[in-house]
Amino acid sequence: MSPEPLSPAALIFGRRVRGVRIELGLSQENVADLAQMHVTNYGKIERGVANPSLVTILRIASVLGVDVGALTTDLTGEHLPEVYSVLPASDYLRSRHGRTRRPL
């Protein structure tokens, strides 16, 4: 049984990477070799079961000849795993400004 994707973001990112790789007619082995990584780790990224570092994402994008933005566009906090309850800074600031100031 294969592991579950880490998050919707990891799954979307992996599908985009796979799509570009297939469009180029490259194998996973080709991309992994060119990106100087093990093919097993590369395969995990395509399946969304790995959380690649920024450097790894840059290496893959460079090999595929695409901007990192093409692989990450429209990924937002909504695509994070449910275990992360992220409070946007704008909400935090709004709640701070809504409070009355304490006397000095």
Side-chain angles (χ1 to χ4, degrees):
M1 180 187 324
S2 282
E4 290 293 315
L6 291 177
S7 69
L11 187 60
I12 292 166
F13 177 79
R15 286 178 179 166
R16 289 177 181 170
V17 168
R18 179 184 297 122
V20 174
R21 174 183 62 79
I22 290 170
E23 282 180 24
L24 292 172
L26 297 170
S27 69
Q28 286 186 343
E29 292 83 6
N30 297 145
V31 176
D33 285 344
L34 292 168
Q36 300 178 359
M37 57 190 302
H38 195 279
V39 67
T40 302
N41 293 334
Y42 177 81
K44 288 179 181 179
I45 292 169
E46 280 198 3
R47 290 190 309 279
V49 297
N51 189 20
S53 70
L54 177 58
V55 170
T56 299
I57 292 170
L58 286 168
R59 288 180 5 221
I60 291 170
S62 295
V63 167
L64 297 175
V66 297
D67 186 273
V68 171
L71 302 174
T72 59
T73 191
D74 296 327
L75 292 178
T76 67
E78 294 175 5
H79 296 102
L80 290 170
E82 290 182 17
V83 296
Y84 295 106
S85 58
V86 176
L87 178 66
S90 59
D91 291 350
Y92 169 75
L93 293 170
R94 194 172 14 263
S95 71
R96 272 188 40 198
H97 292 300
R99 294 184 196 154
T100 57
R101 292 189 179 228
R102 293 182 5 211
L104 298 176

Peer 1: Given Met37, which of Val63, Ile45, Val31 fulfils the side chain to side chain contact (heavy atoms under 4.5 Å, CB included) condition?
Peer 2: Ile45
Peer 1: Once you round to the nearest 0.5 Å, how far does OG of Ser7 lie from CG of Leu75?
Peer 2: 8.5 Å
Peer 1: Looking at every heavy atom in both Arg59 and Ala35, which two are closest together, and how far apart are they?
Peer 2: NE-O, 2.8 Å
Peer 1: Tell me whether the count of non-hydrogen atoms from other residues, nucleotides or ligands lying under 6.0 Å of CZ in Arg18 goes above 12.
Peer 2: yes
Peer 1: Please round to the nearest 0.5 Å and tell me the distance separating atom CZ of Arg16 and atom CG of Asp74.
Peer 2: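 With rounding to 0.5 Å, CZ (Arg16) is 6.5 Å from CG (Asp74).
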Peer 1: Do you know which two heavy atoms are closest between Ile12 and His79, and how far apart they sit?
Peer 2: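 Minimum heavy-atom separation between Ile12 and His79: CD1-CD2, 3.5 Å.
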Peer 1: Can you name the one residue among Leu54, Leu58, Ile60 that meets side chain to side chain contact (heavy atoms under 4.5 Å, CB included) with Thr56?
Peer 2: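 Going through Leu54, Leu58, Ile60 one by one, the side chain to side chain contact (heavy atoms under 4.5 Å, CB included) with Thr56 is satisfied by Ile60 alone.
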Peer 1: Between atom CD of Gln28 and atom OG1 of Thr40, what is the distance when rounded to the nearest 0.5 Å?
Peer 2: 9.0 Å
Peer 1: Could you state the interatomic distance from OH (Tyr42) to CG (Asn30), rounded to the nearest 0.5 Å?
Peer 2: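 Here the rounded value is 9.5 Å.
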Peer 1: For a quick test of reading the model, state the closest non-hydrogen atom pair linking Leu87 to Tyr92 and the distance between them.
Peer 2: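 What the structure gives for the nearest pair is CD2-CB, 3.9 Å.
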Peer 1: Given 3.5 Å as the limit, does a donor-acceptor pair link the side chain of Arg21 with the main chain of Val17, or not?
Peer 2: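 Not at all, since once roles are kept as given, no pair shorter than 3.5 Å links the two residues.
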Peer 1: Would you confirm whether Thr73, through its side chain, and Ala70, through its main-chain N or O, come within 3.5 Å as a donor-acceptor pair?
Peer 2: no
Peer 1: Atom OG in Ser62, atom CD1 in Ile57: separation rounded to 0.5 Å?
Peer 2: 11.5 Å
Peer 1: Under 4.5 Å between side-chain heavy atoms, counting indirect links through other Ile/Leu/Val/Met/Phe/Trp/Tyr residues: same cluster for Val39 and Leu34 or not?
Peer 2: no
Peer 1: Would a 4.5 Å heavy-atom cut-off, applied to side chains only, mark Pro52 and Phe13 as touching?
Peer 2: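 Counting from C-beta outward, Pro52 and Phe13 do come under 4.5 Å.
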Peer 1: What are the two closest heavy atoms between Leu6 and Pro81, and how far apart are they?
Peer 2: O-CG, 3.6 Å
Peer 1: One pair to check against side-chain contact (heavy atoms from CB on, under 4.5 Å): Arg15 and Leu11. What are the steps and the verdict?
Peer 2: CA-CA 6 Å; Arg15 286 178 179 166; Leu11 187 60; 3.6 Å; yes
